[in-house]
Amino acid sequence: MALSTRETERKYTVPNGDASWLSDLTGAGPIACVADRGTQELDAVYYDSDDLRLTRAHASLRRRTGGADAGWHLKLPLPGDSREEIQAPLKSKDVPGELRDLVLSRTRGARLRPVMRIRSSRSLHHLLDAHGEVLAELSMDEVSAEAPRDPGRGTAWTEMEVELVEDGDPVLLDRVEKVLRRHGLDRAQSPSKVVHALTETTMFPQGPPDAGTAAVPGSAGEYVLAYIDRLVGALTDLDPAVRREAPDSVHQMRTTARRLRGCLRSYRSVLDRKITDPIRRDLKWLANELGVERDHEVLRERLISGVRELPGELVLGPVEARLKVWDVAQRTEARRRTLDVLASPRYLNLLEGLTSLTEAPPLHTAKAAGKPGKVLGKALRKEYRRLAGRMEPALDMAPGPERDTAIHNARKVAKRLRYAAEAARPSLGKPARRLGKRAKAVQRVSGAQHDSVVTREVLRRLAVLAHAAGEPTFSWGVLHGHEGAAAGARERELPHAWARARAVARRKALRS
């Protein structure tokens, strides 16, 4: 089983071997002492695809010997100076299957091979507080690098890293940096050793491979592509989190897929539909498949909370035990289905399509080059009219299953309007922000109503199972009644939420 840690560090160039400045670190913030921890000899082989997909995605994968943490190391980007490091033991020279899966959203199935060998002679120091606790590690590395398949292609340099202990205070890095700058030590331009080595050996040219047509600056296409690029990056980052069952990751990935699909639909006049329609279909498929696990998460929390909130005298029979049996069976099947989806050829094809969408965007010249206020505003108005065409008839219907279905279908369009407003917000400003906020409120209220509908059906099935086993069904009936009351409250709230959304959509700023 791979282990995960969070590392926060900064790299600096070292112009010469003079390290007299080390003593000046004492007194920088809580640093009371700089302790020499000797020298380590490190030997790392970095793996990547032939076109360096991991490096381009700001990730790295290496097999390193020497030092205290020899093993396979996968590093994934996090905000700021931090990265997630996932470690696996040195069992073979082949990339461990678990790590291969965790980089799949970045490699898209491309073969991984050694691309750089980096040896470091590391002088290690610990930055200690007044109690002798380690605050950070400072390492001076004499580095040499060569390409395994081309030994004549190599480079050498000296660099320094300052890495906080896990959960260390990032402010310490700022205080250390002030001392370093006084001695002429600047931040390294390359974010990692492998990027430095690949750049110095000209194996890592700047810019994405086979870049396509760029959008006109300030155009509608530029705003749409910026939104798409951000979401594709988010989907790529969420893939390993979903595989490792990180909290809320399935929900976030499903929502990201829906946002992308909604953007491609709402702004299809900007992009070539021959290219984007198949991607939209695959995004719908992905969101639906992830929905099995996500919907169970929602139901599970709702049912467990409902049971726990019941007074003890209303809990008759093995209610919690039956709920646990249901949860384990459903959760196991949902997890298996999620992992099967992420291992499927269709998912790999989707990742390839999304990458092509960002690297070679299929822009419709006329619309994409148009003024964002006109093009994006028109798309927002169209989505609003579609929502109005579903919501208003739904609100006029009598309570019952048909009305529940109509509200659910309107909620899907409210979601698309919200996402379309998100993409338009950098261009349209407050009008798009307000419309998105109101659409979100409609989505929230109608979603809560739908959750109650779905929960009542599950409660009915659990009651049937309990009855067949000779157990009391009273508690399931009480919970069913509570959910019915909750659904009624949301239905009464929905017309007000819709009226506020309608008022924003009819303002002049969105009708010009």
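Computed over heavy atoms, backbone and side chain alike; hydrogens, waters and symmetry mates excluded. Count residues from 1 along the sequence.
For the residue pair Trp285 and Ser344, the shortest heavy atom distance occurs at CH2-OG, 3.4 Å. The minimum heavy-atom distance linking Leu76 with Pro240 is given by the pair CD1-CG, 3.9 Å. Residues Leu435 and Ala501 share a closest heavy-atom pair of CD1-O, 4.2 Å. Of all the heavy atoms in Val504 and Pro431, the pair that sits closest is CG1-O, 4.4 Å.
A salt bridge between Lys178 and Asp174 is absent, with no side-chain N of the basic residue lying under 4.0 Å from a carboxylate O of the acidic one. Remark: Arg37 does not engage Glu137 in a salt bridge, criterion side-chain N to carboxylate O under 4.0 Å. Under a 4.0 Å N-O distance rule, the pair Arg106/Asp237 qualifies as a salt bridge. Residues Arg83 and Glu9 are paired through a salt bridge, judged by an N-O separation under 4.0 Å between the basic side chain and the carboxylate. Classification of Lys193 and Asp141 as a salt-bridged pair holds, one side-chain N sitting under 4.0 Å from a carboxylate O. No salt bridge links Glu293 with Arg254; every basic N to acidic carboxylate O contact stays at or beyond 4.0 Å. By the 4.0 Å N-to-carboxylate-O rule, Asp340 lies close enough to Arg336 to be salt-bridged with it.
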inquiry  = For Arg243 and Asp239: C-alpha separation, side-chain torsions, deciding distance, then whether salt bridge (charged side-chain N to carboxylate O under 4.0 Å, His left out) applies.
reply    = CA-CA 6 Å; Arg243 294 177 189 274; Asp239 175 286; 2.6 Å; yes
- Message: Show, in sequence, the C-alpha distance, side-chain angles and deciding distance for Val375 and Ser269, and conclude whether the side chain to side chain contact (heavy atoms under 4.5 Å, CB included) test is met.
- Response: CA-CA 8 Å; Val375 176; Ser269 63; 4.3 Å; yes
message: As a quick check of understanding, evaluate side chain to side chain contact (heavy atoms under 4.5 Å, CB included) for Asp186 and Arg181, giving each step before the final call.
response: CA-CA 6 Å; Asp186 296 321; Arg181 286 188 178 278; 3.6 Å; yes
Residues Leu3, Ile86; criterion side chain to side chain contact (heavy atoms under 4.5 Å, CB included); working and verdict: CA-CA 5 Å; Leu3 301 176; Ile86 303 166; over 6 Å; no
Next on the checklist: The test is salt bridge (charged side-chain N to carboxylate O under 4.0 Å, His left out); show your working for Arg64 and Asp69 and say whether it passes.
Outcome noted: CA-CA 8 Å; Arg64 191 170 80 181; Asp69 62 345; 2.6 Å; yes
Start with the C-alpha gap between Lys378 and Lys374, add the side-chain angles, then the distance that decides, and say whether side chain to side chain contact (heavy atoms under 4.5 Å, CB included) holds.
CA-CA 6 Å; Lys378 181 179 180 180; Lys374 181 178 180 180; 5.8 Å; no
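Residue Tyr47 holds its OH atom at 14.0 Å from OG1 of Thr55, rounded to the nearest 0.5 Å. Atom CZ of Arg258 and atom CG of Leu283 lie 12.0 Å apart (nearest 0.5 Å). One distance of note links CZ of Arg265 with CZ of Arg280; it measures 5.5 Å at 0.5 Å rounding. We find the CG-CG distance between Leu348 and Asp282 to be 11.5 Å, quoted to the nearest 0.5 Å. With rounding to the nearest 0.5 Å, the separation of CZ in Arg294 from OG1 in Thr338 is 12.0 Å. Atom OG1 of Thr236 and atom CG of Leu104 lie 10.5 Å apart (nearest 0.5 Å).
Side-chain atoms of Ser92 come within 3.5 Å of backbone N or O of Asp94 as a donor-acceptor pair. With Ser249 contributing its side chain and Glu245 its backbone, the two residues share no donor-acceptor pair below 3.5 Å. At distances below 3.5 Å, at least one donor-acceptor pair connects side-chain atoms of Arg53 with backbone N or O atoms of Thr107. Under a 3.5 Å cut-off, the side chain of Ser219 and the backbone N or O of Ala368 do form a donor-acceptor pair. Put simply, the side chain of Tyr227 never gets that close to the backbone of Ala424: no donor and acceptor are under 3.5 Å apart. No side-chain donor-acceptor contact under 3.5 Å links Glu133 to the backbone of Asp129.
Looking at Ser4 and Glu84, their side chains do bring a donor and an acceptor atom within 3.5 Å of each other. Of the N and O atoms on the side chains of His296 and Arg331, not one donor lies less than 3.5 Å from an acceptor on the other residue.
Taking 4.5 Å as the limit, every side-chain heavy atom of Leu231 sits out of range of all side-chain heavy atoms of Leu354. Considering only heavy atoms from C-beta on, Leu286 comes within 4.5 Å of Val341 through its side chain. Residues Asp48 and Leu61 are not in side-chain contact: their nearest non-hydrogen atoms beyond the backbone lie 4.5 Å or more apart. When side chains are defined from C-beta on, Glu177 counts as touching Tyr12, because their heavy atoms get closer than 4.5 Å. Considering only heavy atoms from C-beta on, Val34 stays 4.5 Å or farther from Ser23 through its side chain. At a threshold of 4.5 Å between non-hydrogen side-chain atoms, the residues Glu422 and Cys263 do not count as touching. Considering only heavy atoms from C-beta on, Thr199 stays 4.5 Å or farther from Gln189 through its side chain. Side chains of Val176 and Ile31 form a contact here, defined as non-hydrogen atoms less than 4.5 Å apart.
More than 12 heavy atoms of other shown residues, nucleotides or ligands fall within 6.0 angstrom of atom NZ in Lys11. For Arg425, the CZ atom sits in a loose shell: 12 or fewer heavy atoms of surrounding residues, nucleotides or ligands are nearer than 6.0 Å. By the neighbour-count criterion of 12 heavy atoms within 6.0 Å, atom CZ of Arg500 is sparsely surrounded, having that number or fewer from other residues, nucleotides or ligands. In this structure, His126 places its NE2 atom where more than 12 heavy-atom neighbours from other residues, nucleotides or ligands lie under 6.0 Å away.
Classified by interplanar angle (parallel below 30°, tilted 30° to 60°, perpendicular above 60°), the ring pair Trp21/His183 is tilted.
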